[in-house]
Amino acid sequence: MPSIPSQAVFQNSYYIGNNFNGILYGIELVLYFMTVRTILGARPGAKKSSDRFFLFFSTALLCLNTVFVATEAVFGEEMWIVHADYPGGQDQYLADFASVWYQTFGTAASIVLNLLSDGLLIYRCYIVWDDVRVVLFPILLYLGAFSVGIAQLYEDGRPGANYFAGLAQKLGVAYTSSVISLNVVVSALICGRIYHAGRRYARVVGARAGAGVGVGVGVGVGVGIGVGREYVTAAAIIVESAALYTLTGVAYLVAFAADSQTSIFFLSVYVMMTCIAPQMIILRVVTGRAWTRDRSAALTGTNLEFTKTAGAGATTTTTMTMMTQYGADGFGTKHCTEQSNASSVKIDEEVV
């Protein structure tokens with residue numbers, strides 16, 4: 001029997017990855033049940049038509065993630081405990097059973113999980129931009145990733161194949177590269193859009209906050225900032241763009257392409273983020289804190305309007321309208337009106 005190169009680093013990385021799977025799976029369960037509680041606990045009049053879809057979508061993510069976590073744990077148990085005395089040791093067992101049927105099943109679950117998460121990410125990119133032309137290129141990348149993923153899954157499932165060696169590895173690098181490229185492009189589009197809207201929001205609201213006089217103005221500006229800020233914060237950008245999903249994917253791709261034995265650890269974290277990142281987006285959507293098409297138009301158009309639900313059905317709506325009127329002398333007056341529930345504030349600023 002030919003000698004097997006030492007896989008000590010791989011074995012340790014696999015063990016640590018399985019422990020991280022357990023920790024991150026607990027976080028996913030918390031996010032999932034928070035989502036379910038929000039959807040099922042909503043009053044009949046407050047329920048949206050998309051709630052049922054997000055409920056089933058979240059359940060599908062959890063089930064696929066459960067398959068991955070379970071298969072990784074079972075393979076570790078078989079390798080380290082059940083067959084601890086396997087001829088040639090754990091390294092030989094890994095070489096002989098890397099393509100066992102349940103490992104292929106776990107790989108298939110992770111690929112489907114990728115496709116669902118990327119589909120949601122593309123949809124959210126469309127929502128943030130409100131322009132179908134922006135997502136045409138990501139859709140092409142998505143179709144390419146799907147095709148390579150099927151080929152990679154077929155090769156990985158062949159008897160004697162190994163996800164981390166041979167043609168399966170090359171196809172895996174191609175598949176992972178296409179998926180990560182899609183993640184980077186879509187995340188960059190979402191981040192750029194939100195960052196641009198945030199700068200515009202800061203210019204409009206921040207300038208008025210500095211120019212405000214009187215108690216009424218201070219209260220009005222404070223309400224506007226408080227209601228709108230949650231859509232353009234760093235946390236909003238990280239969650240809406242699924243940045244954690246993208247960053248862990250890049251780390252995994254680098255380790256995998258370099259044929260590093262630590263790649264199995266980064267794979268574990270990446271697959272978990274493939275589930276956690278979209279679940280965080282869904283939770284923001286069902287709680288009314290995510291971007292919508294109307295909110296995107298409001299942030300980037302003439303009117304800045306934010307609606308925030310503050311419990312017990314109470315709603316705070318803040319509308320800021322920017323308008324510049326020019327007189328015969330060539331000077332303009334910028335009129336900025338803010339309405340927040342029953343309060344209204346108007347500021348006039350000279351513009352040269």
Side-chain angles (χ1 to χ4, degrees), residues 4-5 7 10-11 13-22 24-25 28 59-83 86 88-119 142-180 245 248-249 252-253 255-257 259-275:
I4 302 298
Q7 298 287 317
F10 183 93
Q11 298 276 353
S13 299
Y14 191 86
Y15 175 78
I16 296 172
N18 277 359
N19 281 276
F20 269 77
N21 285 347
L24 295 175
Y25 187 72
E28 162 60 19
T59 303
L61 292 178
L62 178 63
C63 290
L64 291 169
N65 191 236
T66 301
V67 170
F68 173 78
V69 172
T71 54
E72 293 296 287
V74 168
F75 188 76
E77 180 186 12
E78 291 285 325
M79 180 168 56
W80 296 319
I81 301 175
V82 178
H83 298 97
Y86 189 81
Q90 283 78 26
D91 291 348
Q92 186 62 51
Y93 183 89
L94 176 65
D96 292 344
F97 293 96
S99 60
V100 67
W101 69 269
Y102 58 83
Q103 277 289 81
T104 303
F105 185 42
T107 302
S110 67
I111 290 177
V112 176
L113 185 60
N114 261 130
L115 294 174
L116 290 180
S117 301
D118 290 341
Y142 181 83
L143 295 176
F146 174 77
S147 301
V148 179
I150 296 299
Q152 192 267 340
L153 182 62
Y154 170 78
E155 180 62 27
D156 179 51
R158 295 177 60 185
N162 188 337
Y163 184 90
F164 296 95
L167 180 59
Q169 183 194 29
K170 295 178 181 178
L171 287 173
V173 172
Y175 167 72
T176 306
S177 299
S178 58
V179 169
I180 301 305
Y245 173 37
T248 54
Y252 164 60
L253 177 60
F256 189 40
D259 199 19
S260 171
Q261 293 188 18
T262 62
S263 60
I264 184 63
F265 166 74
F266 292 106
L267 173 63
S268 296
V269 178
Y270 172 58
V271 174
M272 297 306 298
M273 287 301 167
T274 304
C275 183

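Here the structure is a predicted model, which is why all the values come from computation and not from measurement.
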In the structure I gave you, are the side-chain heavy atoms of Glu77 and Asn18 within less than 4.5 Å of one another anywhere? no
Val69: which residues meet the side chain to side chain contact (heavy atoms under 4.5 Å, CB included) condition with it, sequence neighbours left out? Asn21, Tyr25, Asn65, Met272
Contact summary for Glu72 and Gln103, nearest pair of heavy atoms: OE2-OE1, 3.2 Å
Is the shortest heavy-atom distance from the side chain of Tyr102 to the side chain of Glu78 under 4.5 Å? yes
Could you tell me the separation between the CE atom of Met273 and the CD atom of Glu28, rounded to the nearest 0.5 Å? 10.5 Å
Hey, could you give me the CE/CG distance between Met79 and Asp96, rounded to the nearest 0.5 Å? 12.0 Å
Using side chain to side chain donor-acceptor pair (under 3.5 Å) as the criterion, list what pairs up with Thr59, not counting sequence neighbours. Tyr32
Short side-chain to backbone donor-acceptor contact, Ser263 and Asp259, under 3.5 Å: no
By side chain to side chain donor-acceptor pair (under 3.5 Å) - contacts of Ser13 (at least two apart): none
ring-ring contact (aromatic ring centres under 6.0 Å, His included) involving Tyr93 - partner list, sequence neighbours excluded: Phe75, His83, Tyr86, Phe97
Partners passing side chain to side chain contact (heavy atoms under 4.5 Å, CB included) against Ser117 (at least two apart in sequence or in another chain): Leu61, Leu113, Tyr245, Thr274, Pro278
State which residues pass side chain to side chain contact (heavy atoms under 4.5 Å, CB included) with Tyr15; sequence neighbours excluded, sorted by chain then number. Asn19, Trp80
If you look at every heavy atom in Cys275 and Leu62, which pair is closest and at what distance? SG-N, 4.3 Å
So that I know where these two stand, are Phe266 and Phe256 an aromatic pair - ring centroids less than 6.0 Å apart? no
Out of curiosity, Phe146 CZ to Tyr175 OH, how far, rounded to the nearest 0.5 Å? 10.0 Å
If I compare all heavy atoms of Thr262 with all of Ala255, which pair ends up nearest, and what's the gap? OG1-CB, 4.3 Å
Within this structure, what is the OG1-OH distance for the pair Thr248 and Tyr252, rounded to the nearest 0.5 Å? 11.5 Å
Using the side chain to side chain contact (heavy atoms under 4.5 Å, CB included) criterion, which residues pair with Tyr142? Sequence neighbours excluded. Leu115, Asp118, Ile122, Leu182
Does some side-chain heavy atom of Leu94 sit less than 4.5 Å from a side-chain heavy atom of Tyr14? no
Show the nearest heavy-atom pair for residues Phe68 and Ser110, with the distance to one decimal. CD1-CB, 4.3 Å
